[in-house]
Amino acid sequence: MRFDLEIEPLDLGQTLGCGQTFRWRNGPGGTWSGPLNDQFIVLSKSGRRLSVEARPGGRHVEALVRNHLRADDSIRKVHRVLGKDDVLAPALSKLKGLRIVKIDEWECLVSFVLATYANIPRISKMIEMVSARYGSTIVGDVKAFPTRAQLGRASLHDLEKCGLGYRARYIKALCEIIDDRQLERWRRLPYDKLRYELIELPGVGDKVADCVSLFGFGRLESFPIDVWIERALARLYGKKGSYAKLREFAAERFGPYAGYAQEYLYYNERLHAPNGSCLFLEKER
DNA sequence: GCCCAGGAGTGTG
DNA sequence: CACACTCATGGG
């Protein structure tokens with residue numbers, strides 16, 4: 001099946017290739033393809049038209065795509081707030097197509113625990129490996145991200161063989177701790193309480209808790225601080241300090257859209273990096 | 001070979 | 001509170 005959507009503004013490369021998701025791949029002609037829940041989706045854009053391809057009879061594909069790309073976010077409103085920041089303001093027009101994505105909570109939690117102390121190519125590889133071995137088949141050799149039950153069948157040794165390193169034991173523990181009732185409860189908590197509880201999980205600290213709050217639970221006021229954001233805050237704002245201090249600075253400065261500010265800063269900082277930081281260097285075609 | 005990676009956990013001052 | 005050290009491994 002194939003249909004068109006209008007989600008504006010939207011830049012697929014900025015949104016799907018900037019490191020907030022790990023399973024989208026860009027192909028020839030500016031297409032972006034990847035698994036989304038139980039579907040394999042191919043996206044491409046010409047002008048304002050977003051073309052969506054999925055397998056025949058795919059259900060809820062439109063809702064799936066709109067949800068993932070946060071189609072209901074008003075970028076205009078985001079920019080009205082962030083435009084008051086003198087540092088961000090001049091760059092907003094070039095970044096307007098970069099949208100925060102909404103990721104399945106479980107997938108997001110596992111993905112960002114895996115993302116600790118690893119580079120993006122490796123993170124993608126770890127995620128593809130556990131998906132290939134434990135996820136359900138979507139089509140051909142494309143696998144869905146494994147459910148908690150599916151991943152829970154893997155032994156610690158199995159997970160280590162997926163190249164997860166010391167992260168394997170965190171994933172193993174998460175499979176045993178998390179259940180659907182817990183995820184449902186977390187969906188209803190305000191950001192600060194959610195964050196507080198996420199940090200209790202093994203392998204989840206300040207940064208991962210904020211990533212999961214932002215991309216998994218859609219809390220746009222969350223401001224994850226990694227090494228790149230640390231550099232950006234130092235370089236552009238002269239701000240240094242502990243996570244708590246930087247987090248407070250961001251909350252005060254960017255308010256309810258700190259998450260968007262974070263993604264803009266992250267994207268921009270990686271573009272400024274010496275080697276371009278391999279964000280858009282796809283392995284091959 | 002060497003350096004670093006979208007950090008977290010633990011121990012110490 | 002702040003640091004310092006370790007963790008396991010692969011990509012550049």
Q | A/Y237-A/F249 aromatic ring centre distance below 6.0 Å | A | yes
Q. What does A/E160 touch in the nucleic acid at a heavy-atom separation under 4.0 angstrom: a base, only the sugar-phosphate, or nothing?
A. nothing
Q) Taking the P atom of each, how far is C/dG11 from B/dA8, in whole Å? A) 22 Å
Q: Report yes or no: is there a donor-acceptor pair, N or O only, under 3.5 Å between the side chain of A/Y166 and the base of B/dG7?
A: yes
(Q) Mind checking if A/V204 touches a base, just sugar-phosphate, or nothing, with heavy atoms under 4.0 Å? (A) sugar-phosphate
Q: Give A/G163 one of three labels, base, sugar-phosphate or nothing, depending on what nucleic acid heavy atoms sit under 4.0 Å from its own.
A: nothing
Q.
I'd like to know whether A/K143 forms a side-chain contact (heavy atoms from CB on, under 4.5 Å) with A/I138, so could you lay out the CA-CA distance, the side-chain angles of the two residues, the decisive distance to 0.1 Å, and finally the verdict.
A. CA-CA 5 Å; A/K143 305 280 188 169; A/I138 297 177; 6.0 Å; no
Q. Do any side-chain nitrogens or oxygens of A/K125 fall under 4.0 Å of OP1 or OP2 in C/dG11?
A. yes
Q | Nearest-nucleotide 5' precedence on DNA chain B, A/I123 against A/R169 | A | A/I123
**Q.** Spacing of A/I127 atom CD1 relative to C/dG10 atom P, expressed in whole Å
**A.** 16 Å
Q.
Does A/E230 reach a base, just sugar-phosphate, or nothing at all? Heavy atoms under 4.0 Å.
A. nothing
**Q.** Verify stack between A/Y117 ring and B/dG7 base, 5.5 Å, 30 degrees
**A.** yes
Q) Under 4.0 Å between a side-chain N or O of A/T116 and OP1 or OP2 of B/dA8? A) no
**Q.** Basic-acidic side-chain contact under 4.0 Å: A/R195, A/D210
**A.** yes
Q) Can a side chain N or O of A/R231 be found less than 4.0 Å away from OP1 or OP2 on B/dA5? A) yes
Q: Identify which nucleotide among B/dA5, B/dG7, C/dA8 has an atom closest to any side-chain atom of A/N119, counting heavy atoms from C-beta outward.
A: B/dA5
Q: Consider the side chain of A/P121, meaning its heavy atoms from C-beta on, and name the nucleotide among B/dG7, C/dT9, C/dG11 that approaches it most closely.
A: C/dG11
**Q.** Option passing salt bridge (charged side-chain N to carboxylate O under 4.0 Å, His left out) with A/E8 (candidates A/K96, A/R99, A/K45)
**A.** A/K45
Q: Decide if atom CD of A/E252 counts as having more than 12 heavy atoms of other residues, nucleotides or ligands within a radius under 6.0 Å.
A: no
